[in-house]
Amino acid sequence: MSRVMWGWGQSVRCCALCRRLGAWPLIAAAAALAPLPATADQKPESGRQAWVGADVASNVWLLYSGVTLAPWSGIHDPGLRFRAAGGYGGYSYDRDADVTPDPRRRPRATHLTAQTYFADILVGYLARYGELTAKGFVGAAIISHEISPKDEETVAIGEEVGIKGVVELWLNMGERGWGSLDLSWTSAHNTRTARTRLGYRVWPKLSLGLEGGLNLDSQGECRMQGPSVSGCLRDPTDDGRAELLDYARAGVFARYEWGTGEASLGVGVLGDSLGDDGTELSPYATVNWLTQF
């Protein structure tokens, strides 16, 4: 299998999945895994919120955590927000060997392993518009991909610091239904992520539903568009062009909430393709825990 993770916490083919395509979706995902807005009836007095999470897929893993502070309001009330988050993970993938003119020598693929980490420092604001809760954040982000042995065809490698923007939306739909949409972008490796959930409270505190996501970075863009992308190191003779769906994920989730927190578990499949055998699918699982304190 090649190497894109929603890792929807905070937004890394980061996995062997991510790497070959160069999506680094986990990280991008982790950023998206950051805490989802709570329902309108949950208004603890605390202005402090912390979360931890993990995202795992074939040949990739990511752990992350973070904290949000609302110094002059409750955590679910309109007002200023400060957020800090970070994560660490690893992934592996195979890089196809160059074709040799000697038919007696069979080319061997190179196995690569990588460590990745990210950190965000953000400031934002929460606003309410009827049943819609909206958050917006801006700040700085750092993302790193350290690959061994060195991958000469990878653009998203090393450490980059950049600006970051985040938008998080939560909509209550009737007494039991709800939907969420989280979007983020950072100039660090041009990493972008989108995550959505559509849930229904089968019991007052338990929601079941569908989730989907998209994670992309500079390597993924290079993989899709080829040498026309500035800085792309992809071999122009390589016909293994990726598709946008190679960086997508879809699944189901369960979310349990209580007065001051929530826990959720999501499972599904990731797109993963090198362009040789068509789109492949790989399973993923993500778990998150959030609390006010």
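Note that the structure is a prediction, hence the values are computed from the model and not measured.
Using cut-offs of 30° and 60° on the angle between ring planes, the pair Phe253 and Trp178 is tilted.
Residues Leu198 and Leu171 fall within the same hydrophobic cluster, defined by Ile, Leu, Val, Met, Phe, Trp and Tyr side chains chained together at heavy-atom separations under 4.5 Å. Note: the hydrophobic cluster containing Val60 also contains Ile157 (ILVMFWY, side chain heavy atoms under 4.5 Å, direct or indirect links). Ile121 and Tyr117 are assigned to two separate hydrophobic clusters, defined by single-linkage of ILVMFWY side chains at heavy-atom distances under 4.5 Å. Hydrophobic clustering, with ILVMFWY side chains joined whenever heavy atoms are under 4.5 angstrom apart, groups Phe82 together with Val138. Under the 4.5 Å side-chain heavy-atom criterion for grouping Ile, Leu, Val, Met, Phe, Trp and Tyr, Tyr256 is connected to Trp289 within one hydrophobic cluster.
When all heavy atoms of Leu62 and Gly89 are compared, the closest pair comes out as CD1-N, 3.8 Å. Tyr64 and Val287 get closest at one heavy-atom pair: OH-O, 4.1 Å. Nearest heavy-atom pair, Glu211 versus Gly266, reported as atom, atom and distance to 0.1 Å: OE2-CA, 3.9 Å. The minimum heavy-atom distance linking Ala140 with Leu122 is given by the pair N-CD2, 4.2 Å. Taking both residues in full, the closest heavy atoms of Gly53 and Asn288 are given as CA-OD1, 3.8 Å, listed atom of the first, atom of the second, then distance. Val267 and Ala285 get closest at one heavy-atom pair: CG1-CB, 4.1 Å.
A side-chain donor-acceptor contact under 3.5 Å links Arg81 to the backbone of Gly79. In this structure, Ser73 contributes its side chain and Ala70 its backbone to no donor-acceptor pair below 3.5 Å. Judged by distance alone, the side chain of Arg197 and the main-chain N or O of Gly179 form no donor-acceptor pair under 3.5 Å. Judged purely by atom type and a 3.5 angstrom limit, Thr116 has no side-chain atom pairing as donor or acceptor with the backbone of His145. Within the 3.5 Å criterion, the main-chain N or O of Ile163 finds a donor-acceptor partner in the side chain of Ser187. Using modelled atom types, no side-chain atom of His189 and backbone atom of Ser144 make a donor-acceptor pair closer than 3.5 Å.
A 4.5 Å side-chain heavy-atom check between Arg255 and Glu262 finds at least one atom pair inside the cut-off. Residues Arg192 and Ser184 fail the side-chain proximity criterion, which asks for heavy atoms closer than 4.5 Å. At least one side-chain heavy atom of Ile143 sits less than 4.5 Å from a side-chain heavy atom of Thr186. Side-chain contact between Trp72 and Leu80 is present, with heavy atoms from C-beta onward closer than 4.5 Å. Put simply, the side chain of Thr286 does not reach to within 4.5 Å of the side chain of Leu265, judged on heavy atoms. For the pair His76 and Thr133, the minimum side-chain heavy-atom distance is 4.5 Å or more. Contact check for Ser207 versus Tyr200: no side-chain heavy atoms found under the 4.5 Å cut-off. Side-chain contact between Thr110 and Pro149 is present, with heavy atoms from C-beta onward closer than 4.5 Å.
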**Study point:** Pair Trp51-Thr291, side-chain contact (heavy atoms from CB on, under 4.5 Å): steps then yes or no
**Key:** CA-CA 6 Å; Trp51 70 92; Thr291 187; over 6 Å; no
Exercise for review: Take Leu183 and Val166 through the test side-chain contact (heavy atoms from CB on, under 4.5 Å) and record every step on the way to the result.
Suggested key: CA-CA 6 Å; Leu183 305 172; Val166 177; over 6 Å; no
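For the atom pair Leu181 CG and Leu169 CG, the distance stands at 5.5 Å (nearest 0.5 Å). Rounding to the nearest 0.5 Å gives a distance of 4.5 Å between CD of Gln115 and OH of Tyr88. Once rounded to the nearest 0.5 Å, the distance linking CD1 of Ile75 with OG1 of Thr260 reads 12.0 Å. Rounded to the nearest 0.5 angstrom, Trp185 CH2 and Thr191 OG1 are separated by 10.0 Å. To the nearest 0.5 Å, atoms OG1 (Thr193) and CG (Leu214) are separated by 7.5 Å. Going from atom CG of Leu216 over to atom CG of Asn190 covers 7.5 Å, rounded to the nearest 0.5 Å.
Residues satisfying the side-chain contact (heavy atoms from CB on, under 4.5 Å) test with Leu208, not counting sequence neighbours, are Val202, Ala254. Applying the ring-ring contact (aromatic ring centres under 6.0 Å, His included) criterion to Phe137, with sequence neighbours excluded, gives no partner residue. Ala119 is linked by a side-chain contact (heavy atoms from CB on, under 4.5 Å) to Ile142, counting only residues two or more places apart in sequence or in another chain.
A salt bridge is defined here as a Lys NZ or Arg NE, NH1 or NH2 lying under 4.0 Å from an Asp or Glu carboxylate O, and Arg195 with Glu168 fails to meet this definition. Between Lys164 and Asp120 a salt bridge is recorded (basic side-chain N to carboxylate O distance below 4.0 Å). Under a 4.0 Å N-O distance rule, the pair Arg201/Glu175 does not qualify as a salt bridge.
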